Amino acid sequence: MRIDKFLKVSRILKRRTVAQEAASAGKISVNGREVKPAYRVKVGDVVELTFATGTLKFRVKELRETVKKDEAASLYEVIV
């Protein structure tokens, strides 16, 4: 699954276009490497997302095309 789609499905970012813009601006890295919006994310990847106010680091636990709102958080685990 593409990183931009994963961020939208997991509801980490609201829209896929926002995820694409973040990746194009170099604000998303997977396993320590900056990635493009089309990067194929895999289970076990560690993703770091940089915001203006800080960063969010999480591990991908599961990949699904669609999830319900209350199940979205089960797709990843936040790393402190």
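Below, each value reflects all heavy atoms present in this structure, side chains not excepted, and no hydrogens, waters or symmetry copies. Everything quoted here is computed from the prediction, not taken from an experiment.
Shown here are the side-chain contact (heavy atoms from CB on, under 4.5 Å) partners of Lys42, two or more places apart in sequence or in another chain: Tyr39, Asp45.
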List, one per line, each side-chain donor-acceptor pair under 3.5 Å for residues 51-62, sequence neighbours excluded.
unit_1: Arg59; atom_1: NH1; unit_2: Glu77; atom_2: OE2; d: 3.4
unit_1: Glu62; atom_1: OE2; unit_2: Arg64; atom_2: NE; d: 2.9

Enumerate donor-acceptor pairs with a distance under 3.5 Å from any side-chain N or O in residues 65-76 to protein atoms, sequence neighbours excluded.
unit_1: Glu65; atom_1: OE1; unit_2: Lys5; atom_2: NZ; d: 2.5
unit_1: Ser74; atom_1: OG; unit_2: Glu71; atom_2: O; d: 2.6

Which donor-acceptor pairs under 3.5 Å do the side chains of residues 12-27 make with protein atoms, sequence neighbours left out?
unit_1: Arg16; atom_1: NE; unit_2: Asp4; atom_2: OD2; d: 3.3
unit_1: Gln20; atom_1: NE2; unit_2: Asp4; atom_2: OD2; d: 2.9
unit_1: Ser24; atom_1: OG; unit_2: Gln20; atom_2: O; d: 3.0

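Each of Val46 and Val78 belongs to its own hydrophobic cluster when Ile, Leu, Val, Met, Phe, Trp and Tyr are linked at side-chain heavy-atom distances under 4.5 angstrom. Both Val43 and Ile3 are part of a single hydrophobic cluster, where members link through side-chain heavy atoms under 4.5 Å apart.
Distance CZ/Arg40 to CZ/Arg2: 7.0 Å, rounded to 0.5 Å. One finds the CD1 atom of Ile28 at 10.0 Å from the CD atom of Glu34 (value rounded to the nearest 0.5 Å).
Counting all heavy atoms, side chain and backbone alike, Ser29 lies closest to Gly32 at CB-C, 4.4 Å.
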